[in-house]
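The block underneath contains the structure these notes are about, expressed in C-alpha cells.
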Amino acid sequence: MSTENHHRDDRDRRERPKSAAAEPAPPSLVPPPNALPPVRHPDAPAPGELLGSHYDHCFGCGEGQPHGLHLQARAGDGVTITAEFTVQSAHQGAPGLAHGGVLATALDETLGSLNWLLRVIAVTGRLETDFVRPVPVGTVLFLQAEITAVAGRKIYSRAQGRIGGPDGPVAVRAQALFIEVKVEHFTENGRADEIRAVMSDPDQIRRVRAFEVNP
Ligand SMILES: CCCCCCCCCC(=O)SCCNC(=O)CCNC(=O)[C@H](O)C(C)(C)COP(=O)(O)OP(=O)(O)OC[C@H]1O[C@@H](n2cnc3c(N)ncnc32)[C@H](O)[C@@H]1OP(=O)(O)O
C-alpha cells in the first residue's frame, strides 16, 4: 500500500462515523402490545390546578433560575397537562428566535410534569422532537401533553406546543419515553451539595417534590 493510501485510510478511520449498522437500533417510542393505559393517581392535583415548581433551581420551572423557562404547568383531565412558557431574550438561538434546545427543554419539562399525575418518579430516557415553525422571542408557547401508555417502568408520552394561542398552529411536537426510577437515582448521582441542601429543607413537601417522590 502506498504511503498516500495509508494516510487516507487513517484519515477515513478517524473521520468516518461508525457505521449505523454497528449501533444498536434506537428503542422504539411505540408502546409494546402489552402496554396499558395510564392511571391517574387518586391524589393527583385536580384538573385546572397549577402544579407549581417542583424545585426552585430547576431550569424548566424553578423560580430561582433567572434565565430559566419559568414554565407553569397545570393538571388537565385524565393524564394530561397544559403549560405555558414565554420565550425570553436569554432563550435565543438565531437572532430573535428561540433556540431549539430551549424548546426541547420546554417539551421535556411539560412531559416530565405528567409523571406527577401518576405519582411515579421517572426520568427522560428518550425525547424525539419535531420543530415545525420558528418561534420568535416574546412568543408564548402553549403546551399540551399526555401519557399514552405505560409498560412496566416505561411511560410513553407525547406533547405539542402551539403559538398565537392555545388553539394556534403547532410549532413543536415531541414523543418521549420516560423510565421509572427509585429516589436513589437522584440521591446517589446528584452533586452532594445540592442533595444535602434539599434533604435538610425543613419543608417536607419541598423535600419530596425536589425528587417528585410520592409523599
Ligand atoms: C412536576 C414535575 C416536573 C418534573 C419535570 C422534570 C422534567 C425533566 C426530566 C428530565 O430531563 S430527567 C433528566 C434527563 N434524563 C436522564 O438524566 C436519564 C439518564 N439515564 C439514566 O439514568 C438511565 O439510562 C435510565 C434510568 C433512563 C435507564 O437505566 P436503567 O438501568 O434503569 O434501565 P434499564 O436499562 O434497566 O432499562 C429499563 C427499560 O427501559 C428501556 N430504556 C432504558 N433507557 C432507555 C432509553 N434511553 N431510551 C429508550 N428506552 C430505554 C430499556 O430498553 C428497558 O426496556 P425493557 O424493560 O423493555 O427491556
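Order of appearance sets the numbers: ligands from 1, and atoms from 1 within every ligand. Sequential numbering from 1 along the given sequence is applied to the chain's residues.
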Is any side-chain N of the basic residue among Arg207 and Asp201 closer than 4.0 Å to the acidic one's carboxylate O? no
Determine whether a donor-acceptor pair (N or O, by modelled atom type, separation under 3.5 Å) exists between the side chain of His91 and the backbone of His67. yes
Checking heavy-atom distances from atom 38 (C) of ligand 1 to each of His185, Arg153, Glu180, the winner is Arg153
Atoms in ligand 1 flagged as close to Arg209, the criterion being non-hydrogen separation under 4.0 Å: 1 (C)
Pairs satisfying salt bridge (Lys or Arg N to Asp or Glu O under 4.0 Å), at least one member in residues 95-113, at least two apart: none
Of the options Leu118, Val79, Leu111, which is the one that meets Ile155 in a side-chain contact (heavy atoms from CB on, under 4.5 Å)? Leu118
Taking only Lys NZ, Arg NE, NH1 and NH2, and the carboxylate oxygens of Asp or Glu, determine whether Glu128 and Arg126 approach each other closer than 4.0 Å. yes
When you compare ligand 1 with Arg126, is there at least one nitrogen or oxygen pair between them that comes in under 3.5 angstrom? no
Going by heavy-atom distance to atom 41 (C) of ligand 1, choose the closest among Val181, Ile179, Leu107. Ile179
Mind checking what makes side chain to side chain donor-acceptor pair (under 3.5 Å) contact with Arg74, not counting sequence neighbours? none
Are Ser113 and ligand 1 in contact, using a heavy-atom cut-off of under 4.0 Å? yes
Which of the ligand 1 atoms, numbered from 1, are nearer than 4.0 Å to a heavy atom of Glu109: 3 (C), 5 (C), 6 (C), 7 (C)
Minimum distance, heavy atoms only, to atom 12 (S) of ligand 1: which one of Ile81, Thr110, Thr124 is it? Thr124
Nearest-option assignment for atom 50 (N) of ligand 1, heavy atoms, candidates Ile155, Leu71, Asn115, Leu177: Leu177
